[in-house]
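Below you'll find the structure, written out as structure tokens, and then a few comments.
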Amino acid sequence: MTDEAPPPLLTEDDLRHITRWAVLCAARALPVFEAAVPGDTRPREAIAAAVAFAEGGPRTAVLRKAAWGAQAATRAVDDPAAKAAARAAIAAAGAPYTHPIETPHQINHVLGPAAYAIQALSIGTADEAATTETELRQLIALASTEIRGIVGKLPGRKPSKGAFHALLYRLDTALRR
């Protein structure tokens, strides 16, 4: 009988899959931020740092610095859609740091980039509900089988109040099917 530790809930490969999907989501929303704040490259830099990790690079201080830069960009803009786009970039740069622990909160880190991207692309459109549905379907379609497996390993979200939390719940339940 050995006292071997169980394998980690999330591996580095899992974190790279999470980050790849986060990048796909955040990149879809990035034009919303850049249209509102031309010349502010901080969200783009956060996404680029996430891409570097997803493609095999190490987790470094560059990722954290890029995420903090994108966070500062959210404070520099008043437009809610642009704020959501910058938050998607923050979440993409933070995806490599998703904790490999089995808590309900960790699923938010996996789903957050998609939920923020959906908000960014929907807020202020002529038909926000229809745009939300379209973006939700598209981002679910972009989720790889690996993402679906990762979501299945984590505790599911419970329904909760608020539009953002409703998006997280809908993403969670859809990716578990």
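Counting begins at 1 with the first residue of the sequence.
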Quiz item: Looking at Pro113 and Ala22, what are the two nearest heavy atoms and their distance?
Solution: CG-CB, 3.5 Å
Self-check item: Side chain proximity check, His17 to Arg148, heavy atoms < 4.5 angstrom
Solution: no
Quiz item: How far does OG1 of Thr103 sit from NE2 of His109, to the nearest 0.5 angstrom?
Solution: 7.5 Å
Exercise. Inspect the surroundings of CZ in Arg42 and state if more than 12 heavy atoms from other residues, nucleotides or ligands are less than 6.0 Å away.
Key: yes
Quiz item: Side-chain contact, heavy-atom cut-off 4.5 Å: Arg28 with Leu142?
Solution: yes
Quiz item: Nearest heavy-atom pair of Leu30 and Pro43: which atoms, and what distance?
Solution: CD1-CB, 3.8 Å
Quiz item: Near Asp78 CG, under 6.0 Å, is it more than 12 heavy atoms from other residues, nucleotides or ligands?
Solution: no
Quiz item: Quick one: are Arg157 and Asn108 in side-chain contact, heavy atoms under 4.5 Å?
Solution: yes
Quiz item: Is there a side-chain contact between Val151 and Leu171, using heavy atoms and a 4.5 Å cut-off?
Solution: no
Quiz item: Is there a path from Val51 to Val62 through hydrophobic residues (I, L, V, M, F, W, Y) whose side chains come within less than 4.5 Å of each other?
Solution: no
Quiz prompt | Cluster check Val23, Trp68: I/L/V/M/F/W/Y, side chain < 4.5 angstrom | solution = no
Exercise. Would you mind reporting whether His165 and Leu168 have side-chain heavy atoms less than 4.5 Å apart?
Key: yes
Quiz item: Would Arg20 and Leu24 satisfy side chain to side chain contact (heavy atoms under 4.5 Å, CB included), going step by step from the backbone distance to the final call?
Solution: CA-CA 6 Å; Arg20 266 186 220 102; Leu24 289 172; 5.7 Å; no
Quiz prompt | Between Thr131 and Thr125, a side-chain donor and acceptor under 3.5 Å | solution = yes
Quiz item: Same hydrophobic cluster for Ile107 and Tyr169, using side-chain heavy-atom links shorter than 4.5 Å among ILVMFWY?
Solution: no
Quiz item: Should Asp79 and Lys83 count as an ion pair when the cut-off is N to O under 4.0 Å?
Solution: no
Quiz item: Same cluster for Leu63 and Ile47 if Ile/Leu/Val/Met/Phe/Trp/Tyr side chains link at under 4.5 Å?
Solution: no
Quiz item: To the nearest 0.5 Å, how far apart are CG in Asp14 and CG in Leu9?
Solution: 8.0 Å
Quiz prompt | Least distance between heavy atoms, Ala50 atom then Thr19 atom | solution = O-CG2, 3.3 Å
Exercise. Evaluate the criterion side chain to side chain donor-acceptor pair (under 3.5 Å) for residue pair Arg87 and Gln119; output intermediate values, then yes/no.
Key: CA-CA 10 Å; Arg87 287 184 176 125; Gln119 283 188 324; over 6 Å; no
Quiz item: Are there more than 12 heavy atoms of other residues, nucleotides or ligands under 6.0 Å from atom NZ of Lys153?
Solution: yes
Practice problem: Please name the pair of heavy atoms, one in Gln106 and one in Thr98, separated by the smallest distance, quoted to 0.1 Å. | Solution: OE1-CG2, 3.7 Å
Quiz item: Taking Arg176 for the side chain and Gly149 for the main chain, is one N or O donor matched with an acceptor at less than 3.5 Å?
Solution: no
Self-check item: Trp21 vs Glu146 side-chain heavy atoms within contact, under 4.5 Å
Solution: no
Exercise. Could you give me the CA-CA distance, side-chain angles and deciding distance for Leu175 and Ile150, then say whether side chain to side chain contact (heavy atoms under 4.5 Å, CB included) is met?
Key: CA-CA 10 Å; Leu175 292 171; Ile150 291 163; over 6 Å; no
Practice problem: Indicate, with yes or no, if Val110 and Ile101 share a hydrophobic cluster defined by side-chain heavy-atom contacts under 4.5 Å among Ile, Leu, Val, Met, Phe, Trp and Tyr. | Solution: no
Quiz item: Could you walk me through whether Thr132 and Leu167 pass the side chain to side chain contact (heavy atoms under 4.5 Å, CB included) check?
Solution: CA-CA 9 Å; Thr132 295; Leu167 279 174; 3.9 Å; yes
Quiz item: Going through the checks in order, is the side chain to side chain contact (heavy atoms under 4.5 Å, CB included) test met by Arg59 and Leu15?
Solution: CA-CA 10 Å; Arg59 288 187 297 188; Leu15 295 177; 3.8 Å; yes
Self-check item: Side-chain touch Pro155/Glu102, heavy atoms, less than 4.5 angstrom
Solution: yes
Exercise. Work out which heavy atom in Leu139 is nearest to a heavy atom in Cys25; give both atom names and the distance.
Key: CD2-SG, 3.9 Å
Quiz item: What are the two closest non-hydrogen atoms of Ala86 and Phe33, and how far apart are they?
Solution: CB-CD1, 3.9 Å
Quiz item: So, Ser144 side chain and Ile147 main chain: donor-acceptor pair closer than 3.5 Å or not?
Solution: yes
Quiz item: Roughly how far, to the nearest 0.5 Å, is CZ of Arg44 from CG of Asp40?
Solution: 11.5 Å
Quiz prompt | Leu10 vs Ile18 side-chain heavy atoms within contact, under 4.5 Å | solution = yes
